[in-house]
Amino acid sequence: MDHAAVLALFDRDMREGARPDGPDALVERVGGVVRQVSSALGWNGVVWSDLDEASADAAIAAQIAHFSGLGHEFEWKLYGHDFPVDLGQRLRDAGFTSEPEETLMIGEAADLNLDAEPPEGIHFLSVTDRAGVDLVAEVHEKAFGTDGSRLRHQLLAQLTADPDTVVAVVALAGDTPVSAARMELVPGTRFAGLWGGGTVEGWRGRGIYRALVAHRARAAVDRGYRYLQVDAMSTSRPILERLGFEPLTTTTPYVYAP
């Protein structure tokens, strides 16, 4: 894989050319910033910027004013190759809080190792309705220890308004949900994004996450997508590397709460 070329393609298609991630979201291009504005239950934030030392502080202040005026917490999604090089420090100085750094990993779908199957006693359920969405949110809350209301709202809205843009799946041990994940598909691009893969404590280390990645990767290949993208935490990066994903850069969420 040509890392520089694929990263440039990712920046162009998925960041500078970002599309709304749900029916209640709007992507706006203001000066050197591309941002998504959504409801309070949706994702609000900056996905791309083209800034330099002279323009960065004013752009940061403008985004704070805009989202604060809406009463929304928002995220500035900063990548390791973004400019200026001190943009992260400028965000912190402006009142943002940085969350743990992740690694942007991309795999060429046709070259990935997709033979991983669910371990014995586990079966996968495709999510198509509210009951399935509730199972995904239940796993999310147990696996990550966070409220699943935003995920529940967003996933149900996507499945209702445009089901071809999302694939969600729950791993069940009998009737008990133990892991879940989703894949977001962006029509007109070559990228499918893998999101939300989480496994409930006590069920980790059994190959469920790996099987969920392979399951979604096969679905992406079937739909004609060339690349799979993941923002990987340190715990999932080794699994993804064994499947054939490659690290391209880092990404760090910077969050501002008005």
Side-chain angles (χ1 to χ4, degrees), residues 1 3 6-7 10 14 43 45 75-81 88 97-109 111-125 127 135-148 150-152 154-155 166-173 176-184 191-220 227-255:
M1 181 189 299
H3 286 196
V6 174
L7 185 57
F10 176 82
M14 304 301 290
W43 186 84
E75 175 185 323
W76 192 301
K77 197 165 177 59
L78 179 67
Y79 287 78
H81 58 291
T97 300
S98 61
E99 296 188 347
E101 180 183 273
E102 300 171 331
T103 302
L104 173 66
M105 303 190 73
I106 291 179
E108 192 151 3
D111 295 337
L112 296 176
N113 177 6
L114 304 181
D115 61 353
E117 296 295 338
E120 185 176 355
I122 300 295
H123 66 281
F124 288 168
L125 172 69
V127 173
L135 293 176
V136 172
E138 179 183 336
V139 169
H140 181 88
E141 291 174 342
K142 291 179 178 178
F144 299 110
T146 56
D147 179 41
R150 178 175 291 181
L151 171 61
R152 182 181 283 106
Q154 181 178 352
L155 182 53
V166 62
V167 172
V169 60
V170 179
L172 298 168
T176 303
V178 297
S179 188
R182 71 187 191 278
M183 175 170 66
E184 297 193 356
F191 291 91
L194 305 187
W195 299 97
T199 301
V200 175
E201 190 173 1
W203 292 91
R204 296 167 185 164
R206 306 189 189 193
I208 301 174
Y209 175 81
R210 175 186 173 93
L212 282 170
V213 172
H215 176 87
R216 289 174 289 165
R218 289 192 292 266
Y227 298 107
L228 293 173
Q229 169 252 323
V230 188
D231 291 348
M233 296 184 291
S234 58
T235 51
S236 56
R237 176 171 172 170
I239 301 170
L240 293 164
E241 288 181 324
R242 288 194 294 272
L243 286 170
F245 285 80
E246 299 180 32
L248 266 64
T249 186
T250 60
T251 178
T252 305
Y254 282 80
V255 177

Closest non-hydrogen atom pair between [X] and [Y], with its separation:
X: Leu104; Y: Thr251; value: N-CG2, 4.5 Å
X: Ser98; Y: Tyr254; value: CB-CE2, 3.5 Å
X: Phe245; Y: Gly107; value: CD2-N, 3.4 Å
X: Val200; Y: Pro177; value: CG2-O, 4.2 Å
X: Ala214; Y: Ala116; value: CB-O, 3.7 Å
X: Leu112; Y: Ala217; value: CD1-CB, 4.4 Å

Is a side-chain donor or acceptor of [X] paired with a backbone partner of [Y] at a separation under 3.5 angstrom?
X: Ser179; Y: Gly198; answer: yes
X: Arg210; Y: Ile239; answer: no
X: Arg206; Y: Gly202; answer: yes
X: Glu99; Y: Pro253; answer: no

Pairwise distance [atom1]([X]) to [atom2]([Y]) - rounded to 0.5 angstrom:
X: Arg204; Y: Thr235; atom1: CZ; atom2: OG1; result: 8.0 Å
X: Glu117; Y: Asp115; atom1: CD; atom2: CG; result: 7.5 Å
X: Leu248; Y: Phe10; atom1: CG; atom2: CZ; result: 9.0 Å
X: Met105; Y: Arg237; atom1: CE; atom2: CZ; result: 5.5 Å
X: His140; Y: Arg150; atom1: NE2; atom2: CZ; result: 10.0 Å
X: Asp231; Y: Thr250; atom1: CG; atom2: OG1; result: 10.0 Å

Check: Hey, are Glu75 and Trp43 close enough side-chain-wise for a donor-acceptor pair under 3.5 Å?
Finding: yes
Determine whether [X] and [Y] make a side-chain contact, defined as any pair of heavy atoms from C-beta on separated by less than 4.5 Å.
X: Ile122; Y: Trp203; answer: yes
X: Ser234; Y: Glu101; answer: no
X: Thr146; Y: Glu141; answer: no
X: Ile106; Y: Met1; answer: yes
X: Trp195; Y: Gln229; answer: yes
X: Val6; Y: Glu108; answer: no

Next item on the list: Applying side-chain contact (heavy atoms from CB on, under 4.5 Å), run through Arg216 and Leu228 and close with a yes or a no.
Entry: CA-CA 9 Å; Arg216 289 174 289 165; Leu228 293 173; over 6 Å; no
Checklist line | Steps toward side-chain contact (heavy atoms from CB on, under 4.5 Å) verdict (His81, Leu7) | finding: CA-CA 10 Å; His81 58 291; Leu7 185 57; 3.8 Å; yes
Margin query: Using side-chain contact (heavy atoms from CB on, under 4.5 Å), reason through Leu135 and Val127 one step at a time and then give a plain yes or no.
Written below: CA-CA 9 Å; Leu135 293 176; Val127 173; over 6 Å; no
Checklist line | Sequence-distant partners of Ser236, side chain to side chain contact (heavy atoms under 4.5 Å, CB included), two or more places apart | finding: Tyr209, Ala232, Met233, Leu240
